[in-house]
Amino acid sequence: MSYSDYFGFEILNTSSETNARAGILKTPHGNVLTPIFMPVGTNSAVKMLTNEQILNAGAQIILANSYHMYLRAGCDLIRKAGGLHKWMNFNKPILTDSGGFQVFSLSKLRKITQDGIHFQDPINGSKHYITPEISMKIQQDLGADIIMAFDECAPYPCDYEQAKSALDKTKKWLERCFEAHKNYRQALFPIVQGAFFEDLRAESARFVSKFDAAGYAIGGVSVGEPSEIKNKITAYTAPLLPFNKPRYLMGVGTPVDLIEGIKSGIDMFDCVLPTRNARHGTFFTYSGNKIIKNKQYESDFTPLDENCDCYTCRNHTKAYIRHLFKTRESTAGTLLSIHNIHFLIKLSQDLRNSILENTFESYSKKLLAGFNSVNKN
RNA sequence: GCGGGUAUCGCCAAGUGGUCAAGGCAUCGGAUUGUGGUUCCGAUAUACGUGGGUUCGACUCCCACUACCCGCC
């Protein structure tokens, strides 16, 4: 028995001039067509959306967070409920993050030791301790299809020593994660760290590649660095990972970053941006980001994007959504979330099709020109 | 009709006899990348009810008027 009884990855075609590839990821809860964007459902829910809305927006796989579920619902409860899939009644693949990044980004008070991370719940101040073994236990209780290694994410900017130290810990912790993880129905993805130093990234990629995993992730990006730096380190790192396994770029991103990542050979993405932006009133279009509260949409009776066929664009106008947003109706966030999630998933699937049809280079170039026509996104 | 009170930007609301009259909301623009669902940043207004007076100087003191509010007849 091994994870390969439950997981598989098939590459259907590759781009001739770039590292882009189109594939199928097999999981116990169904197949995922890659490249794919995965919506984030931190607290076992994609904010403001029902499962039906998530699925109608095109979601094939979603994320949930160990950190949040551990602190709030509690892992015992989820285990008793029968795991995340039954708990939230979501029957498609789920991926859980390990909690390493959340401790890094959310906990004000934390202390990192060689063994694990001490931190305080940012909401009630209670003290907690997570080790690689505990993270594996949490993620086993949650029961997602894909689980992530417990890593230490270096901040940006950071010096070489700091990056090296975080990487060394991440390497040791990865060994402990694999040692502790025995459930073959859950694929454990290692995470490449190394901040923005190429030699550290190379070292990390070499190290994780030694483990026989169902997929590999690139972490440590989207921590405040400029997009150019992110895309450069991604382009450098992705090809160093096993060719025939899915590569997951964590925390990315914008429509442009998605294209750049796919170009570099990335197969999976997740990001809070579509839903957070939606809650704050920004929506994606093929001609760049736009802000629904802007006065120019006051009497604009056209959809968010003329070329979008999501539920929101098929049914509502900018003027209406703007009104909902200005009057703080939560439906505004729902409608924009549906659009933004649909947009990124559609983008990934359209690019997938272009790879299959050998038109990726021209198609992605055309999209980039559109995104850059209004602003940087 | 009598007595009392209040009148400051679209709204609410500080405030002192002395360069540029707080702040909040609203408005306008921006941010957001392994999620803190009411977040953060920035911008804008020829606002002191009207007319007189006192004073070197009044939004701040006095008088009248107007509007509104509260009592009484």
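Quick note on labels: first sequence line is chain A, next is B, and so on, each numbered from 1.
Taking a 4.0 Å limit (strictly below) on heavy-atom distances, residues 46-61 of chain A reaches RNA chain B at Lys47(A), Met48(A). Remark: Gly220(A), Ser222(A) in residues 207-225 of chain A come within less than 4.0 Å of RNA chain B through at least one heavy atom.
The cationic atom of Lys293(A) (NZ for Lys, CZ for Arg) does not lie both less than 6.0 Å from the six-membered ring centre of Phe325(A) and within 45° of the ring axis.
Counting non-hydrogen atoms under 4.0 angstrom, Asp97(A) reaches a base of the nucleic acid. Here Ile191(A) lies in heavy-atom contact (under 4.0 Å) with a base. Among the protein residues, Ser330(A) comes within range of the nucleic acid bases, having at least one heavy atom under 4.0 Å from a base atom. Asn65(A) comes within 4.0 angstrom of sugar-phosphate atoms only, judged by non-hydrogen atoms across all strands, and of no base. Nucleic acid contact class of Glu329(A) (heavy atoms, under 4.0 Å, all strands): none.
A side-chain N or O of Asp309(A) and one of His342(A) form a donor-acceptor pair less than 3.5 Å apart. Between the side chains of Lys318(A) and Thr302(A), a donor-acceptor pair is found at a separation under 3.5 Å. Donor-acceptor pairing under 3.5 Å is recorded for the side chains of Gln139(A) and Thr96(A). No hydrogens or angles considered: a donor-acceptor pair under 3.5 Å links the side chains of Tyr129(A) and Asp115(A). In this model, no donor atom of one side chain and acceptor atom of the other lie less than 3.5 Å apart for Thr282(A) and Asn289(A). With 3.5 Å as the limit, one finds a donor-acceptor pair spanning the side chains of Glu361(A) and Ser15(A). Remark: the Gln140(A) side chain and the Asn183(A) side chain contain no N/O donor-acceptor pair separated by less than 3.5 Å.
For G37(B), neither phosphate oxygen OP1 nor OP2 lies less than 4.0 angstrom from any side-chain nitrogen or oxygen of Arg276(A). The side chain of His280(A) contributes no N or O atom lying less than 4.0 Å from OP1 or OP2 of G30(B).
Helical stems of RNA chain B (runs of at least 3 Watson-Crick or G-U pairs, donor-acceptor distances under 3.5 Å) are listed by first residue: B:1-7 with B:66-72, B:10-12 with B:23-25, B:27-31 with B:39-43, B:49-53 with B:61-65.
Comparing the P positions of C63(B) and U54(B) gives a spacing of 15 Å, expressed to the nearest Å. Look at the C1' atom in both G53(B) and U60(B): the space between them is 15 Å, to the nearest Å. As rounded to the nearest Å, C20(B) and C48(B) have P atoms that lie 14 Å from one another. With P as the reference atom, U16(B) and A7(B) are 13 Å apart, rounded to whole Å. Nucleotides C72(B) and U55(B) are separated by 39 Å at their C1' atoms, to the nearest Å. Here the separation of U46(B) from C59(B), taken at their C1' atoms, is 16 Å to the nearest Å. Distance check on atom P: G4(B) versus A64(B) gives 11 Å, rounded to whole Å. Comparing the P positions of C65(B) and C9(B) gives a spacing of 24 Å, expressed to the nearest Å.
Distance CZ (Phe150(A)) to C1' (G34(B)): 13 Å, rounded to an integer number of Å. Rounding to whole angstrom units, CD of residue Glu260(A) and P of U33(B) are separated by 19 Å. Going from atom CG of Asn289(A) over to atom P of G30(B) covers 11 Å, rounded to whole Å. When the C1' atom of A31(B) is taken as reference, atom CZ of Arg279(A) falls 15 Å away, rounded to whole Å. In this entry the distance linking CE of Met250(A) with P of G34(B) reads 10 Å, nearest Å.
A donor-acceptor distance shorter than 3.5 angstrom exists from the side chain of Ser354(A) to the backbone of Leu351(A), with no hydrogens or angles considered. Not one N or O on the side chain of Glu225(A) forms a donor-acceptor pair closer than 3.5 Å with the backbone of Phe196(A).
Evaluation of atom-type donor-acceptor distances gives no pair under 3.5 Å for the side chain of Thr254(A) against the base of U33(B). Gln139(A) contributes no side-chain N or O that forms a donor-acceptor pair with the base of G34(B) under 3.5 Å.
Ion pairing between Asp141(A) and Lys137(A) holds under the 4.0 Å rule for side-chain N and carboxylate O. Salt bridge present: Asp121(A) and Arg72(A) bring a charged side-chain N and a carboxylate O closer than 4.0 Å.
When distances run from any side-chain atom of Val252(A) to the nucleotides U33(B), U32(B), G34(B), the shortest one goes to U33(B).
In the hydrophobic clustering of this structure, Leu95(A) groups with Ile54(A); members are Ile, Leu, Val, Met, Phe, Trp, Tyr whose side-chain heavy atoms approach within less than 4.5 Å, directly or through other members.
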> Where do Phe119(A) and Phe104(A) land on the ring pair (Phe, Tyr, Trp, His ring centres under 6.0 Å) test, with the steps shown first?
Replying inline: CA-CA 9 Å; Phe119(A) 68 97; Phe104(A) 156 79; over 10 Å; no
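Residue pairs satisfying the ring-ring contact (aromatic ring centres under 6.0 Å, His included) criterion with at least one member in residues 228-249 of chain A, sequence neighbours excluded, are absent. Contacts classified as ring-ring contact (aromatic ring centres under 6.0 Å, His included) and involving residues 15-43 of chain A (residues at least two apart or in different chains) are given here: His29(A)-His85(A).
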Expected rows: protein N/O vs nucleotides 26-28 of chain B N/O, under 3.5 Å:
| from | atom 1 | to | atom 2 | distance (Å) |
| --- | --- | --- | --- | --- |
| A26(B) | OP1 | Arg328(A) | NH2 | 2.7 |
| U27(B) | OP1 | Lys326(A) | NZ | 3.2 |
| C28(B) | OP1 | Arg322(A) | NH2 | 2.8 |
| C28(B) | OP2 | Lys326(A) | NZ | 2.2 |

